[in-house]
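Since this is a predicted model, take the numbers as computed values, not measurements. Convention: sequence-line order gives letters A, B, ...; per-chain numbering from 1.
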Amino acid sequence: MSTELPTDLPKTYDPAAIEAATYKTWLDEKCFHAEPTDAGEPYSIVIPPPNVTGALHLGHAINNTLQDILIRKARMEGKNALWIPGLDHAGIATQAVVEKTIKEKEGKDRYSLAETPEKSREELVRRIWKWKQQYGDRIIGQLQRLGCSCDWDRQRFTLDEQCAKAVRETFFKLFKDGLVFRGKRLVNWDTHLQTSISNDEIYHEKIKTNLWHIRYEIVDSEIRGTGGSPVSAGKDHGRAARATEIPNPSDSLRPTHMTVATTRPETLLGDTAVAVHSQDPRWNWAIGKSVRLPLIGRLIPIIADDTLVDPTFGSGVVKVTPAHDPNDYAVWERHRNLPDAIEIINLLNPNGTLNENAGPYAGLYRNKSREKVVADLEAAGLLAKVEPYETEVGHSDRSKTPVEPYLSDQWFVKMAPLAEPALEVVRDGTIKFFPERHAQQYLSWLGEKRDWPISRQLWWGHRIPVWKKHFDSKREFWGTPGSYQDEVNDWLSLLGNEGIIAVGYVHDADASKGLQRIYPDKGGFTAYVCPPSDIVPTLTDTQVELVALIEGEGFTQDPDVLDTWFSSALWPFSTLGWPESTPALAKWYPTSVLLTGRDIITLWVARMVMMGMYNLGNAEGRMQNAELKTPSSGSSANPQSAIRNPQSSGIPFAHVAINPTILDGKGERMSKSKGNGVDPVDIIDTHGADALRFTLATMATETQDVRMPVKKDSQGRNTSDKFDLGRNFCNKLWNASRFLFSNWPAGAALPAYPEKEAMSLADRWIVTRFARTLADANAAIASYRFDLYAKACYDFFWGDFCDWYLEIIKPTLKTPAGLTSLVVAVDVLDGVLRLLHPVTPFITEAIWGKLNELDPARLTCKRVSKRLCKSDWARTPPIDEESEHVFPRLQAIIGAIRNVRNDHKADPRKVLAVAIAAPGEAATRVAEANRGLIEGLATCTLRTLAPGAAPPAESVRVTVNDDCDIYIEGLIDPEAEKLRAVKLREEKTKLIAALKGRLANEGYVAKAPPKLIQETRDQLAAAEAELAKLG
RNA sequence: GGGCUGUUGGCGCAGUUGGCUAGCGCGUCUCCUCGACAUGGAGAAGGUCACAGGUUCGAGCCCUGUACAGCCCACCA
C-alpha cells in the first residue's frame, strides 16, 4: 500500500497514485468497522440514504464529506465511532425511471410486462431490483472514491428485510393505536392508465379554452347554522371584523344572482358551496344564505373563505368543488370541523366518465359533459358571459392525457399526537439546529399537523400490510371462521390455528366517516385487518403461510405501497436493528448528529423525530413530556427536570446540521432530473479526492447555497477551477513533507523532543501557533463550521508553517544545531497530519506511512498507529506567550525590509546592509538573538544601533511596530524614495486627523473603555512621531 | 402567496458578543527558477461594505423601510 512509497517522492502530488490503494488498505484492515463492544463513548451518524434513482452529484459530495470529517475525528478521539451507510429505494422516482427505460427500449408499460397483472407487478419489481443493484453499486463506488469511512458491513437499504421489519412493526403499532386511518385525498389521476401519478410526472400545457360566467340564483334560506366565522389563514385578515359589522348595501340594491367564472363548467355538478371574502361589502351580507345550483337545483351554502377568495379578482365569488380542485379541497378541509362545514361530492369514475352523482350527465366523458352543461346553461339563460381564456392544464407524462384531480381513498397517519412531542423537543432545545434559523422551518411545518397521506399507487416499495374484505351483512362477517370481536380492545380479530392472525377495524359503507371502531351493523361494510408484527414481522418468505390464512378467508391485500418517507423516517433505528433490541441499538441510539440539506427538513428530519419518539420513547420520556406541557402545575418541579434525557425521549439525534445547497453556475439547484449534476468522480479524476473534500469544506459556511460554475475539460469531464484551492493545498502539504523527509538525518532516529530552553524563538512560536490552530479547529468542528476548520488549517500550514517556519529553519537544517528544529518541525507536521486527516484523509495517510517508515520507533508510541485513521487526535502543546508576542515583531521588520526592497526594485539576490535601532535594550537583544533569521528572510546583513543613534548615511528609513527604526543602505533610487515618502506622509496625515477627531469627541472620551482610549492616544503619538521624522 | 437567504475591491467568498488602517482565494501588475513546492516565492494596486433612515461615543455587524438577486414550499377561480 501507500507506505511503500518511493524514497524519492514525486515533485507533484499525484492523488491517483495513492487513493485506490489507500482506500483498499483501510477496507482490508477493517479500519471503519465498529462493534458495540469496542472501547470508547459512542459516536454515530446515519447517512442520509441517497436515492437509487441515479448517481451522486456534488450536493451529495459535500454532505458526505462533512459527515466523514466528523466520523474520522471522533474515531481519532478514541470514540466508538460508527457511520452507517445505505440507500433509499425512492419509490416514485425509481419506479418512474425504470418504467421509462422499459417503455423506451421495449415499448411496454408496466401492465403488459407479463400475462397477468400480478405477474406484471412481480416482473416490474424484479427489474427495479436489477436497476437498484446497478446504481446502488455505482453510488457505493462514488462514496468510496470520496474516501467515506462508512462501516460497509452495516450497509442498509430502505427496502431490505431489516427495514421491512421496522416498517411492519411501526405500521402495526400505528394501526393498533388508531393513528393510521382511511381517508379521502385528491390525487392526480390519469384516467387513461387509471392510476394516480406524482407531481413530478406532470407537465403543463397551455390550452385555449373559455372562461364561462355562470349565474347562480341567491336563495334566502339558510341551509344550516349561521354561516360560521370567516376562515382565514392569513394573519392580517381580522377575525374580529365580523361580516355583519360591515355596512351593507340596502336590501333593494342587493343582487339576486351571483356570477361565478370557471374554465370547467361541468364541475358545477359537484359544487357544494360558493365562497366570498368576509370583508367584501358586495357579498358578505349573503354569507349564510344559499344559492341554487343551476341545472340540478340543489341548494348550496354561501360561505366565507378569505384564503381562497381574492375580493379584488373577478366577481369576488368562487364556486367550490372540493372533490375536483385542490384549492377547493383545501376549503373543505378548513371548514371541516366548523359550523359551516360543507359537503364533498365526487363526480368521477376511475375511467374519466361522470358517475351517478352527475345525474343526467352520468356516463359522459369530460369534454362531452362540458359541451352538454354549457348548452343546457345557455338554454336556461344562466350563462352571463363567455370569454376566450388561456390556461395551463396538467397532463400525464405517460399517457399524454389531461390529469384529473380525483378524490380517492388513501391511508393516512394522524399527525397531531405524533407532532406535538416532536415540536416540543425542538422548542425546548433538546434538539438543536445548526445554523439555528433552520429550526423555524421545522416548527412551522410540523405545527400545521396536517395528516400524512402514506399510501402510494405504486409497485416499488413496502406494500401496505392491510387486507380488506367487503361484507354484505353482519351475518356474513360472523360466518367467517375465526372472526370475533375483541371485547377488551374494541377491534375485530381473525384467529388462525395458532392464535390471532390479524386485527383490524371495520369500515362503514359511508366513506366520509372514515375508519372507526364500530361494529358491523346494517348494510355493507369493509373490514380492514393487519397481522400483528410479532407473528408476521415481514411480508416475505417465511410469513407466506400466515398471509395465506388471511387470504384464505377471502381477504385481499391493499395493492398500494407506503410513501418512501415512511421507511426513511425509521432510518436512524431501523439501521441499528430495531425492532429487535440489538447491542448496536443500545450502543449507538440516539445518533450523535444528522447532517443533511435544508430541502428535506420537513419531509425527513421532522418525521424521523416523530417516529423515533413514537417508537423508542419510553415511559420516562413520556412522563417528562407530560410534565413539560404543564409547567405551572408542579410546585416541586425542579429546573433540571425540564432538560429531557435524549435516551428516554427517543429522539434520533440531538444535533441537526444543515449543509449548504450546491447550485450550478446559473444558480440552479443540482439535481438528477435537471441533468445539471456534476459527478464528484469527475472532480476526483481532475483534482483528487482530498482536493475535492478540502474545497467543499471551505464552502460549508453558514450560507444557504453556494454556486459552483463548472466547465468541461479537454476530455469532456466536468470540472471547476474552484477545486484548484484544494489541489494546491495538497500539493503544498506534499512538498513540505517531502522537504522535511529529504533533510532526515541519514540512517538515524530523531533525537528526543527538545526542552523548552533548547528551542529557538521560532520553534516556540510555531508550536504555539499550532496549539492555537488546533483549538480553533476543535471549536469550529464542534459548531459544524467546517469552513473555519479548513481555513484554520490552511492559514496555519501555508502561512505560518511553510512561509515562515520552514524558510527560517531551511538554512540550518543540515547543521547539527538545526536538528532541534527538525524535531520540532516533524512534530508539528505530525500534528498537522492528524488535524487534517478528517478532511484530507488520503494524502495525510500516505505521508503518515512515510513518516513511520523513516522513523519506525514512532510506532512504539501509544499515540501512533500504523494507520493515521486509527491514531489519536492531535494533542495541544503548551502555549508560549512570549514568542507569540515577539515573533510578529520580527515578521514586521522582515516585511518592512522586503517592502522597501521591492519598492526600490532591488535585485532580490542583492544582500543589503541594514541597521536596526530597536526601541530599547530588550528589543535590541531580541534582534541580536534572531539576527540569522532576519538576515536570511530579508536577504541582508544586520547590525543593531542604540536607540536614537545617528542613522547611517545614504540610507532609507522605515519604522515598524510604532517605534523601531530600520535603516536600509545601498538603495540608490531618490525618485522611488520620494514617492514612498509622499505616500507615507499622506497616510499619516489622514490617520492623525481621524484619531484627533475621535479624541475630540466628548462622548468617546467619556464612554468608551479606557483601554481603547489609551490605545487611540498611543497611536496618535506614534503617527505624529512618524510624521515628524518624515519632515 | 408563505418561509428563508444573499447584496463587502474584476470574480467567488470570510468578517463570531458593535471598537484600531475591513480580510481570504482566484484574477491583475512588478520582480524571482536560489535544490520542498511555478499547483511555487517576494511585493503591489484595487472596496464611501446595495440604498434610505434610526439606535450608539462608535455600525459591514443592531433596528425600520426600500430595491435587486436567488432558494425552498404552496400555486390562482
Side-chain angles (χ1 to χ4, degrees), chain A residues 9 11-13 211 233-235 260-264 275 307-310 313-321 325-328 330 391 437-438 440-441 444-445 597-603 660-661 663 667-669 687 691 695 698-699 701-709 721-722 724-743 779 783 785 787-788 791 794-795 799 802-803 806-807 810 895 898-903 905-909 937-939 987 990-991 994-995 998 1001-1009 1011-1013 1015-1016 1018-1019 1023:
Chain A
L9 302 178
K11 221 169 131 173
T12 303
Y13 171 56
L211 200 55
K235 50 185 178 244
V260 300
T262 180
T263 55
R264 304 197 53 191
T307 309
L308 179 74
V309 183
D310 174 3
F313 186 93
S315 64
V317 183
V318 185
K319 66 193 273 302
V320 181
T321 323
D325 183 283
N327 290 309
D328 297 357
T391 186
R437 67 180 124 89
H438 291 295
Q440 206 177 327
Q441 199 183 337
S444 61
W445 184 82
R598 73 179 189 290
D599 50 326
I600 49 176
I601 288 172
T602 53
L603 294 172
T661 306
L663 309 176
E668 286 186 50
R669 196 183 138 69
H687 287 78
T695 308
T698 64
M699 300 195 310
T701 65
E702 287 193 323
T703 191
Q704 78 176 8
D705 27 53
V706 291
R707 276 173 184 242
M708 175 62 64
D721 295 342
K722 284 216 173 195
D724 291 358
L725 172 81
R727 184 198 56 186
N728 295 354
F729 182 67
C730 288
N731 192 54
K732 193 76 178 171
L733 177 61
W734 184 257
N735 275 291
S737 307
R738 203 162 68 95
F739 171 67
L740 290 178
F741 296 162
S742 71
N743 282 287
S783 56
R785 286 299 304 270
D787 60 318
L788 297 181
K791 187 76 165 28
Y794 186 97
D795 288 346
C802 292
D803 289 347
L806 289 188
E807 292 305 322
K810 191 182 276 183
R898 284 171 169 176
N899 186 329
V900 172
R901 292 182 69 109
N902 261 300
D903 278 358
K905 300 197 191 320
D907 183 326
R909 270 158 303 187
L937 294 196
T939 321
E987 272 175 18
K990 237 164 99 180
L991 181 60
L995 293 173
R998 195 174 303 160
N1001 183 337
E1002 279 173 35
Y1004 179 69
V1005 182
K1007 292 185 184 172
K1011 197 180 140 206
L1012 201 64
I1013 299 166
E1015 248 175 59
T1016 311
D1018 293 346
Q1019 277 164 28

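When rounded to the nearest whole Å, the span between NZ of A:Lys905 and P of B:U30 equals 10 Å. Atom CZ of A:Arg738 is separated from atom C1' of B:G40 by 12 Å (rounded to the nearest Å).
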Scan nucleotides 8-15 of chain B against the protein and return all N/O pairs shorter than 3.5 Å with their distances rounded to 0.1 Å.
from: B:G12; atom 1: O2'; to: A:Lys722; atom 2: NZ; distance (Å): 2.8
from: B:A14; atom 1: OP1; to: A:Thr701; atom 2: OG1; distance (Å): 2.7
from: B:G15; atom 1: OP1; to: A:Arg785; atom 2: NH2; distance (Å): 3.2

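The strand RNA chain B forms stems, runs of 3 or more Watson-Crick or G-U wobble pairs with distances below 3.5 Å, at B:1-7 with B:67-73, B:10-13 with B:23-26, B:28-32 with B:40-44, B:50-54 with B:62-66.
In summary, the side chains of A:Thr1016 and A:Tyr1004 do present a donor paired with an acceptor at a separation below 3.5 Å, with no hydrogens or angles considered. In summary, the side chains of A:Arg598 and A:Thr661 do present a donor paired with an acceptor at a separation below 3.5 Å, with no hydrogens or angles considered. Side chains of A:Arg998 and A:Asn1001: no donor on one and acceptor on the other come within 3.5 Å.
Taking atom P in both B:C11 and B:U28, one finds a spacing of 15 Å when rounded to whole Å. Using P as the reference atom, B:A50 and B:G10 are 13 Å apart when rounded to the nearest Å.
With A:Tyr794 as the aromatic partner, A:Lys732 does not meet the cation-pi criteria of under 6.0 angstrom to the ring centre and within 45 degrees of the ring axis.
Residues A:Glu987 and A:Lys990 are not paired through a salt bridge, judged by the lack of any N-O separation under 4.0 Å between the basic side chain and the carboxylate. Checked for salt-bridge contact, A:Lys791 and A:Asp787 miss the test: no charged N lies under 4.0 Å from a carboxylate O.
Checking B:G43, B:G19, B:C32 against every side-chain atom of A:Pro908, the shortest atom distance belongs to B:C32.
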